[in-house]
Amino acid sequence: MKQNLKVIGEHTNHIFKQNTQITQLGKSGQIHEAVKLFSEMTRKNTVTYNSMISAFNKNGKINDARHLFDNMPRRNLVSWNTMIAGYLHSDRIDEAYRLFVKMPKRDRFSWTLMISYFTRKGELEKARELFDLFPHKRDVAFWNVMIRGYGEKGRIVEARRLFDEMPLRVVVSWNLMLSCYTRNGEMRLGREFFEGMALRDVVSWNLMVDGFIEVGDLDSAWEYFEKTPHPNVVSWVTMLCGLARSGKILEARRLFDQMQNKNVVSWNAMISAYVKDYQIEEAARLFSDMPNRDSFSWTTMIDGYVHVGQLDKARELLNQMPYKDIAAQTAMLSGYIKNKRMDEACQVFNEIAARDVVCWNTMIAGYSQMGRMDKALNLFKEMKDKDLVTWNTMIIGYAQIREMEEAVKIFNGMKIKNVVSWNSLITGFLQNGLSMDALTSFKLMAHEGLTPDHSTFACSLSACANLAASQVGKQMHNKVLKSGHLNDLFVGNALITMYAKCGCILCAQLIFDDLDEVDVISWNSLITGYALNGYGKQAVQLFQQMVSKGRAGMLSEAFEVVRGLKIRANAGIWGALLVACKARGNLKLGKIAAEQLSEFEPRKTSNFVLLANMQADAGSWDEVENTRLSMKYTEAEKQPGCSWIEVRHQLHCFQSNMPMQPETAEVYSNLKTLTSQISNLDCVSNLIVSA
DNA sequence: TATGCGTAGT
């Protein structure tokens with residue numbers, strides 16, 4: 001008997017150890033190892049299953065978690081709570097709620113989850129009702145979840161009231177209250193609160209850094225980052241992303257290189273920074289160097305290839321991915337849609353087994369961009385958990401096929417609308433020549449208590465411009481001043497157009513001069529404005545000014561323009577960009593243009609030559625060699641060089657493969673002399689490929 | 001408290 005008990009005890013002890021191991025593996029992202037251990041275990045108990053579910057959840061494999069949950073022999077309260085928490089964690093809140101309703105018994109933890117469900121849905125009143133109704137003594141977590149809910153909806157005053165009422169506050173409560181300020185851009189109040197905090201930890205400092213980054217105050221962010229007593233990996237990643245987002249990629253990289261303990265998130269953040277900066281090769285290098293990858297790493301990289309138009313590379317990577325992840329698949333789906341490759345888009349969409357709301361929305365947006373609202377509507381009807389984006393996408397789709405009545409019907413069918421819904425409606429009216437309706441909507445929106453954003457202002461100002469409504473336009477300008485959106489480029493450009501179309505070119509010029517930063521559209525708006533008001537000479541002068549200034553920066557904008565084209569870009573467009581890249585010495589974008597161009601003109605020598613010359617200019621001789629090789633490999637056809645001159649009314653033609661004739665021999669001899677003189681100068685790089 | 005995929009706008 002004693003012996004038997006001992007054996008049982010050892011077994012239990014062993015299982016206990018293995019369960020803990022599964023949890024640990026899950027936490028550190030080693031999901032495959034966790035699965036391996038789980039499947040090798042001969043004896044399992046309920047905790048084993050719960051640990052495995054939790055491990056799946058932590059690695060974004062929510063469907064595997066659910067599969068295990070459905071098939072486990074016995075479930076306890078923790079199994080239910082873990083599964084619900086997993087759904088909440090991966091934003092599948094409706095599935096979380098369905099489980100909550102189904103569960104046989106609930107504890108304090110389940111209630112807290114439930115409240116967080118309602119706060120996540122934005123239904124704060126229901127959450128508050130539960131909060132007040134809770135039958136047991138409310139613990140700190142209860143208060144915290146409610147404060148978080150208020151904070152997420154920007155209801156800072158109510159959050160603060162609750163915070164002040166709390167009988168007991170832990171450091172998490174202080175941080176949650178702080179995050180109400182920092183997450184809502186209230187950095188003055190946030191700083192004040194931070195200074196008076198009774199309890200502070202590294203999270204508090206990180207929140208401050210993140211808050212400053214959000215409002216674009218990089219200096220203060222850096223100041224707090226440097227002052228953080230014991231920065232953790234989150235502090236570093238937050239700062240790194242802040243730098244990356246402001247285009248300071250070199251500084252971001254420096255920080256990354258300084259990091260002592262890089263985790264997978266740090267690597268992902270750095271890869272993402274390169275991807276956003278079109279540096280796909282550097283991103284790929286990091287991707288292959290990183291010690292282990294999670295679904296974020298794969299998705300970022302796949303999206304990166306989509307970003308530079310290398311769809312086949314993206315697809316290859318998706319195929320290589322050791323497990324299917326919806327985000328990665330959706331990135332691919334979105335790539336095919338952006339490039340109008342609808343057949344492949346459908347194929348990917350069908351491959352996705354458990355579709356989430358983002359994936360559905362992407363597909364609906366795809367059809368609506370193609371003008372196929374019939375198909376979009378079918379999906380819309382088929383879809384279960386629609387969110388705001390779903391509805392907004394439908395509004396935009398109908399507006400684009402000029403069916404404003406349908407668009408309005410969708411709009412009116414919405415229980416909750418956000419600022420994008422209104423902007424979509426206003427834009428719809430605007431694009432369909434219904435500027436009055438656009439302005440009316442602007443008024444109605446304010447009436448319903450929604451705050452217009454930069455986009456609302458930009459569209460509404462356009463409506464004023466269309467109507468040449470200078471009075472309303474000026475009022476709108478006033479509102480812009482008060483709102484703090486004056487320095488937004490969209491708004492600034494819209495103001496330029498508005499004043500120009502209302503006949504006040506002086507005002508337009510003043511707005512232009514006051515902008516911190518101008519882009520190609522600002523210039524165009526002003527130039528058009530001058531022309532429109534009869535100042536042709538000034539318009540031409542401005543155009544010349546524009547060409548001579550700040551062109552290098554406009555190159556990337558030109559790329560964005562091409563990406564945003566309603567039609568698929570053709571060889572002409574990519575070719576023009578390639579030439580522009582060469583002229584501006586932008587190898588990074590040049591490579592993208594050349595890659596795209598090779599799809600249309602795989603054997604055109606001049607494209608290869610242009611690229612190789614750019615690489616030579618940049619001193620990348622390895623790349624030059626590669627380009628030369630691929631030119632040979634694709635057997636690029638070399639157009640025979642040809643040139644002609646007219647001497648005394650007679651045309652003389654020279655072709656590189658012309659049979660030798662007396663006069664050509666002389667020409668070649670002269671040419672040889674010239675070539676040798678040139679190669680002694682410092683322009684070898686331009687000849688290196690053609691030689 | 002940090003990283004990935006979807007909607008609007010000059």
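Proteins get letters first, then strands, A, B, ... in listed order; numbering begins at 1 in each.
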Looking only at side-chain atoms of [X], point me to the closest of [options].
{"X": "A458(A)", "options": "dC5(B), dA8(B), dT10(B)", "value": "dT10(B)"}
{"X": "V265(A)", "options": "dA2(B), dG4(B), dT7(B)", "value": "dA2(B)"}
{"X": "S462(A)", "options": "dT10(B), dG9(B), dG4(B)", "value": "dT10(B)"}
{"X": "F490(A)", "options": "dA2(B), dG9(B), dA8(B)", "value": "dG9(B)"}
{"X": "N263(A)", "options": "dA2(B), dG4(B), dT10(B)", "value": "dA2(B)"}
{"X": "V358(A)", "options": "dA2(B), dG4(B), dC5(B)", "value": "dC5(B)"}
{"X": "Q369(A)", "options": "dA2(B), dT7(B), dT10(B)", "value": "dT7(B)"}
{"X": "A331(A)", "options": "dT7(B), dT10(B), dC5(B)", "value": "dC5(B)"}
{"X": "S455(A)", "options": "dT7(B), dC5(B), dG9(B)", "value": "dG9(B)"}
{"X": "N392(A)", "options": "dA8(B), dT7(B), dT3(B)", "value": "dT7(B)"}

Using a heavy-atom cut-off of under 4.0 Å over every strand shown, decide if [X] touches base, sugar-phosphate, or nothing.
{"X": "D325(A)", "answer": "base"}
{"X": "S295(A)", "answer": "base"}
{"X": "D453(A)", "answer": "base"}
{"X": "D387(A)", "answer": "base"}
{"X": "K262(A)", "answer": "nothing"}
{"X": "D210(A)", "answer": "nothing"}

Using OP1 and OP2 only, check whether a side-chain N or O of [X] sits under 4.0 Å from [N].
{"X": "Q329(A)", "N": "dG4(B)", "result": "no"}
{"X": "R148(A)", "N": "dT1(B)", "result": "yes"}
{"X": "R183(A)", "N": "dA2(B)", "result": "yes"}

Let me know the distance between [atom1] of [X] and [atom2] of [N], rounded to the nearest Å.
{"X": "D356(A)", "N": "dC5(B)", "atom1": "CG", "atom2": "C1'", "result": "8 Å"}
{"X": "R293(A)", "N": "dT3(B)", "atom1": "CZ", "atom2": "P", "result": "21 Å"}
{"X": "L450(A)", "N": "dA8(B)", "atom1": "CG", "atom2": "P", "result": "18 Å"}
{"X": "I416(A)", "N": "dT7(B)", "atom1": "CD1", "atom2": "C1'", "result": "16 Å"}
{"X": "I271(A)", "N": "dA2(B)", "atom1": "CD1", "atom2": "P", "result": "19 Å"}
{"X": "N418(A)", "N": "dA8(B)", "atom1": "CG", "atom2": "C1'", "result": "9 Å"}
{"X": "L333(A)", "N": "dG4(B)", "atom1": "CG", "atom2": "P", "result": "19 Å"}
{"X": "R355(A)", "N": "dC5(B)", "atom1": "CZ", "atom2": "P", "result": "21 Å"}

Assess the pair [X] and [Y]: is the distance between their ring centroids shorter than 6.0 Å?
{"X": "H485(A)", "Y": "F490(A)", "answer": "no"}
{"X": "F225(A)", "Y": "W205(A)", "answer": "no"}
{"X": "W236(A)", "Y": "F256(A)", "answer": "no"}

Basic-acidic side-chain contact under 4.0 Å: D210(A), R183(A): yes

Listed partners of Y224(A) passing side-chain hydrogen bond (donor to acceptor under 3.5 Å, both in side chains), at least two apart: none

C507(A): disulfide bond (SG atoms under 2.5 Å apart) partners, not counting sequence neighbours: C504(A)

Aro-ring/base stack F296(A)-dT3(B), d under 5.5 Å, angle under 30°: yes

Aromatic F457(A) / basic K479(A) pairing, under 6.0 angstrom, 45° off normal: no

